[in-house]
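Side chains included, hydrogens not; waters and symmetry mates left out as well; all remaining heavy atoms used. As the structure is a computational prediction, the values presented were derived from the model and not from experiment. The sequence lines fix the lettering, A, B, ..., with proteins before strands; numbering per chain opens at 1.
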Protein chains: 2
Amino acid sequence: MTVSRVLRNRGDVSDATRLKVTEAAKRLGYVPNKIAGALASQRVNLVAVIIPSLSNMVFPEVLTSINEVLDETPLQPVFGVTNYQPEKEESVLFEMLSWRPSGVIIAGLEHTDAARAMMRNADVPIVEIMDLDGDPIDAIVGVSQRRAGREMAEAIIKAGYREIGFMGTNMPLDHRARKRFEGFSEALADAGIEISDQEFYSGGSALVKGREMTEAILKRSPDLDFLYYSNDMIGAGGLLYCLANGIDVPGQVGLAGFNGVELLNGLPKQLATMDAERHKIGRAAAEIIAARSRGEDAPQRVELTPKLQFGDTLIRS
Amino acid sequence: MTVSRVLRNRGDVSDATRLKVTEAAKRLGYVPNKIAGALASQRVNLVAVIIPSLSNMVFPEVLTSINEVLDETPLQPVFGVTNYQPEKEESVLFEMLSWRPSGVIIAGLEHTDAARAMMRNADVPIVEIMDLDGDPIDAIVGVSQRRAGREMAEAIIKAGYREIGFMGTNMPLDHRARKRFEGFSEALADAGIEISDQEFYSGGSALVKGREMTEAILKRSPDLDFLYYSNDMIGAGGLLYCLANGIDVPGQVGLAGFNGVELLNGLPKQLATMDAERHKIGRAAAEIIAARSRGEDAPQRVELTPKLQFGDTLIRS
DNA sequence: ATGAAAGCGCTAACAC
DNA sequence: GTGTTAGCGCTTTCAT
């Protein structure tokens, strides 16, 4: 009836009745039932956002920018966390799609067959984010992780380092870290170099692990002249270890991480890194969903290019 | 009809038909419409989780533990972010309540009147988290921020420090930081001490801000013998500044932060801090919602007590 | 063990 | 400018 019109600012309603209705609504503390509304209108203003982890720091930042963009639209983000488990991703996705959201933003390109099928059948915009190396279901925005790895390797070689150690997470399901590593190794191989030593960790405080791994790898392989870390947090740990132990950085040992986290700016020396552009990724993804839900069209592919920041730990050649 | 029964594992259905249905469902990539289901059953497995910020590090951790607990139930968390703005909180709450969630977990005790009214009328379990100093709407779990501030002040005084500087965020709407500061000042006042100097910041990288503020305050007030930071990130920045500038910690200047963030373990020295128990808070809150949604009863108030960690920057007296 | 029918609280389309 | 009506896709209840 008229009430519905008022509450949604639709159609022609006289000011008098409009006033009466809004007033009554406020007085009764009325909160509309979107469930019924959504069922009737077949429209839901929710956007499903699915990420692997909240403890990674990177993802909260992506969420923040998604939030920023959607704040200016009628859309509402709804987050789900998969803990890097494909089956969990599948179930979270199932759960979310069953609410018929206006769009899906999901990290990565690797999904179970069932998950992929669900998304293809869902008939809503799907944006896969972060990674670019693979076949998207629908839209995609991110950086080529493989290329990021390559470029870092090339810069390291160019700077004259030859005995290179790698440290990273021991998570077979972190496909982005894996692809960076692959790109990195490939580029080294192209230059006839092999990784001299490596060290993996899982769980625990990344900063502490970075210290520990760095100590271990340098004790085991004292000839190393460069350490590449798969993320900035362990890189920062390594940097702090080197500084505390009088190791000359970048003279004796060069260091680099990945992500460009804000934290690095506060350290005594700037760790070399590559900005993963996660704010831009979040914005672009949200903008695609917003545009599509307005019926406008939007890019199918947004490629961002991570920029190498030399900082103070990688000799600029 | 029967299909519905199968899909929900309810009632008596013959194995034959059950099989037929599940198979067809899988083949068609069927995803049930929870909107219709929720409307019919008047039950929704969503739990609204409302927090001020994602960049604060503290909140992702709370979310993580909420997630952990709800993972073992049919409930699904749904996050909303308020950016510390009461009106935004109100609108997020409105939006979420309009989906008739099974419960609400919301940070803090300060809300607009309208928000408070909505929650009171919502007829679902409401758990206010983090803070304990105020009147809860329904259930509450957290630590007394005021007391946390007091205890830190008392420890500092006991350790013999007298010229105390304070650094914190310039956010009038961060009520928890404010209450800690109030408790801190009160305890100092009880001992006849006043804060000698203070410095506030907003925005930017907390670690960098910590360095900068520490430099500024020490240049301005060289007599300070203790610096209390309203959070660990700026405290860590301050610590790094002191170490880099040959300031003897905790001999010449003592330092303390708040939160007990994991990051601190990786620093060259352990910053004194108080663990805000955010994992326990998340767990307890989620458990209350889970219990209540099962019809069991649950505690109305869970008081956690932050533990002082002296680390290496506060003389143990 | 299965089917049929009512209705959850809205929106959309169409009268008046 | 306002009221009426028929669903939206399920669950629930009641028959069979």
Side-chain angles (χ1 to χ4, degrees), chain A residues 1-46 48 74-76 91 93-103 118 121-124 293-295, chain B residues 1-46 48 74-76 78 91 93-102 118 121-124 293-295:
Chain A
M1 52 158 104
T2 319
V3 173
S4 168
R5 277 191 268 259
V6 174
L7 265 17
R8 289 177 302 140
N9 291 312
R10 285 286 184 79
D12 307 309
V13 187
S14 76
D15 282 0
T17 36
R18 154 163 284 127
L19 197 72
K20 258 198 301 201
V21 174
T22 45
E23 190 185 301
K26 189 168 296 173
R27 189 163 36 77
L28 300 172
Y30 172 79
V31 175
N33 186 330
K34 289 228 178 192
I35 301 174
L39 183 58
S41 68
Q42 305 287 44
R43 267 181 291 105
V44 174
N45 68 338
L46 268 21
L75 299 172
Q76 256 260 331
S91 66
L93 195 57
F94 181 82
E95 186 73 22
M96 296 202 148
L97 286 179
S98 72
W99 289 98
R100 303 291 187 266
S102 290
M118 273 191 257
N121 293 332
D123 193 39
V124 295
S293 90
R294 273 187 251 112
Chain B
M1 51 157 105
T2 319
V3 173
S4 168
R5 277 191 269 260
V6 174
L7 265 18
R8 288 177 301 138
N9 291 312
R10 286 285 183 78
D12 308 308
V13 187
S14 75
D15 282 1
T17 36
R18 154 162 286 128
L19 197 71
K20 256 197 303 200
V21 173
T22 44
E23 190 185 301
K26 187 167 299 173
R27 189 163 36 76
L28 299 172
Y30 173 79
V31 176
N33 186 331
K34 288 230 180 193
I35 300 173
L39 183 59
S41 68
Q42 306 285 46
R43 268 180 289 107
V44 174
N45 69 337
L46 267 21
L75 300 172
Q76 256 260 333
V78 166
S91 66
L93 194 57
F94 182 81
E95 187 73 22
M96 296 203 150
L97 287 179
S98 73
W99 288 98
R100 304 291 187 264
S102 290
M118 273 190 255
N121 292 334
D123 192 40
V124 295
S293 91
R294 274 186 250 110

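Under the side-chain hydrogen bond (donor to acceptor under 3.5 Å, both in side chains) criterion, Ser14(B) pairs with Thr17(B), not counting sequence neighbours. Considering only residues two or more places apart in sequence or on other chains, Ala40(A) meets the side-chain contact (heavy atoms from CB on, under 4.5 Å) condition with none of them.
Nucleotide dT2(C) holds its C1' atom 15 Å from the CG atom of Asp15(B), rounded to whole Å. Protein atom CG of Leu28(A) is 16 Å distant from nucleotide atom C1' of dG9(C), rounded to whole Å. The nearest whole Å value for the distance from the CZ atom in Arg18(A) to the P atom in dT2(D) is 10 Å. The interatomic distance linking Lys20(A) (NZ) with dT2(D) (P) rounds to 8 Å, in whole Å.
Over its length, the helix from dA1(C)-dT16(D) to dC16(C)-dG1(D) turns its helix axis by 40°, as judged from the five terminal pairs at each end, rounded to 10°.
Note on Arg43(B): every side-chain N or O is 4.0 Å or more away from OP1 and OP2 of dC10(D). The side chain of Ser4(B) places an N or O atom within less than 4.0 Å of a non-bridging phosphate oxygen (OP1 or OP2) of dT11(D).
Separation of atoms CG (Asp15(A)) and OG1 (Thr22(A)) is listed at 10.0 Å; rounding is to 0.5 Å.
For the pair Ala48(B) and Pro101(B), the tightest heavy-atom approach, listed with the atom from each and the gap, is N-CB, 4.1 Å. Of all the heavy atoms in Val78(B) and Met96(B), the pair that sits closest is CG1-CE, 3.5 Å. For the pair Asn45(B) and Trp99(A), the tightest heavy-atom approach, listed with the atom from each and the gap, is OD1-CZ2, 4.0 Å.
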Review item, nucleotides 6-9 of chain D N/O atoms under 3.5 Å of protein N/O:
{"unit_1": "dC8(D)", "atom_1": "O3'", "unit_2": "Gln42(A)", "atom_2": "NE2", "d": "2.9"}
{"unit_1": "dC8(D)", "atom_1": "O2", "unit_2": "Leu39(A)", "atom_2": "O", "d": "3.4"}
{"unit_1": "dC8(D)", "atom_1": "O2", "unit_2": "Ala40(A)", "atom_2": "N", "d": "3.1"}
{"unit_1": "dG9(D)", "atom_1": "OP1", "unit_2": "Gln42(A)", "atom_2": "NE2", "d": "3.3"}
{"unit_1": "dG9(D)", "atom_1": "N2", "unit_2": "Ala36(B)", "atom_2": "O", "d": "3.2"}

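Within the 4.5 Å cutoff, the side chain of Leu75(A) has heavy atoms near those of the Ser293(A) side chain.
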N/O donor to acceptor pairs below 3.5 angstrom from side-chain atoms of residues 23-39 of chain B, sequence neighbours left out:
{"unit_1": "Asn33(B)", "atom_1": "OD1", "unit_2": "Ile35(B)", "atom_2": "N", "d": "2.8"}
{"unit_1": "Asn33(B)", "atom_1": "OD1", "unit_2": "Ala36(B)", "atom_2": "N", "d": "3.2"}
{"unit_1": "Lys34(B)", "atom_1": "NZ", "unit_2": "Glu95(A)", "atom_2": "OE2", "d": "3.0"}

